[in-house]
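In what follows, a single structure is set out as structure tokens and then discussed.
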Amino acid sequence: LISISMADTRRALTDWGNIVPAFVLGILAQLLGIFRWQWLLQAQGLALRMGRTAQLTMIGVFFNIALPGAVSGDFVKAFYVGKELPGQRAKAFGAILFDRVAGVSALVLVSAGALLVGYEHFRGTALMAGVRVIMIMAASAVLLFYGYLFLVRERHDPLLWFFRRLETRFRKAASLTRIYESIRHYHNHRWTVLKALGVSAVIHLFVGMACWYFARALGDFSVALDAVYVVVPLGLLVTAVPVAPAG
């Protein structure tokens, strides 16, 4: 059992062979996240400079850490984009929401893929039996979502029909309709969605590898990389729960 102390942490921060690659991978993951959001904004017809996209992304990252839940910064980003692009708030929020959906989808797929590849390594443990069931359900939900997005046309969409009917009864529900329409908009931008998913998967591969390097810097050389890719995505999913700063 590895115990973590301030002395271990100070020593780990000087283990350049593990710390430097971990930080480089973390920075690359953030840069890829900026490109992903930029593509999703462009698909919505929102003209935001790459430099400004990078600034707002970093602002969002800060508030994800400082406010309860790892999605709090998304609302801050939506606020700023809404101010800079008047009348486009629903589209901006749709792009931010889809950016989050793409990230979570890739988390689930990476974890499920690692569980599948390392099945022999995890088989026989009660904990992993439960994790396996959860990941199968989550991966099925991801595939169902994208199947619905790509295959169901607007005129046959029961959810869109529901939101529009709700809007006729409650005028305040119009914002929900606009947001859902902005998400449905990606039905016509499948290549952008696939790029976003691919980049999201690479981001989580980088983050998992960074965590593996951090573990080694702390003195844990026995942790298996496939185990990292199963467990770290689950931890990142939990951080989205708004119970404390950064989850």
Pairs of donor and acceptor atoms involving the side chains of residues 206-214, under 3.5 Å and at least two apart or interchain, shall be tabulated with distances.
unit_1: Trp212; atom_1: NE1; unit_2: Val223; atom_2: O; d: 3.4

Throw together a table of side-chain donor-acceptor distances under 3.5 angstrom for residues 105-115, partners on residues two or more places apart or in other chains.
unit_1: Ser105; atom_1: OG; unit_2: Val101; atom_2: O; d: 2.7
unit_1: Ser105; atom_1: OG; unit_2: Tyr146; atom_2: OH; d: 3.1
unit_1: Ser111; atom_1: OG; unit_2: Val230; atom_2: O; d: 3.0

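Arg164 pairs by the salt bridge (charged side-chain N to carboxylate O under 4.0 Å, His left out) definition with Glu154, Glu181, not counting sequence neighbours. Every ring pair (Phe, Tyr, Trp, His ring centres under 6.0 Å) that Phe98 has, sequence neighbours left out, goes to Tyr186. Qualifying side-chain hydrogen bond (donor to acceptor under 3.5 Å, both in side chains) partners for Glu167, counting only residues two or more places apart in sequence or in other chains: Thr177, Arg178. Remark: Arg184 engages Asp157 in a salt bridge (charged side-chain N to carboxylate O under 4.0 Å, His left out) (not counting sequence neighbours). Checked against side chain to side chain contact (heavy atoms under 4.5 Å, CB included), Ile27 has the following partners two or more places apart in sequence or in another chain: Leu31.
Within the structure, the salt bridge (Lys or Arg N to Asp or Glu O under 4.0 Å) test picks out the following pairs touching residues 9-37 (sequence neighbours left out): Arg36-Asp99. Among residue pairs with one or both ends in residues 133-143, none qualify as side chain to side chain donor-acceptor pair (under 3.5 Å); sequence neighbours excluded. The salt bridge (Lys or Arg N to Asp or Glu O under 4.0 Å) contacts involving residues 20-29 comprise nothing, where partners must be two or more places apart or lie in separate chains. Listed by first then second residue, pairs satisfying ring pair (Phe, Tyr, Trp, His ring centres under 6.0 Å) with a partner in residues 31-60 number zero, not counting sequence neighbours. Sequence neighbours left out, not one pair with a member in residues 189-211 passes salt bridge (Lys or Arg N to Asp or Glu O under 4.0 Å).
When side chains are defined from C-beta on, Lys91 does not count as touching His185, because their heavy atoms never get closer than 4.5 Å. The shortest distance between side-chain heavy atoms of Tyr229 and Leu205 falls below 4.5 Å.
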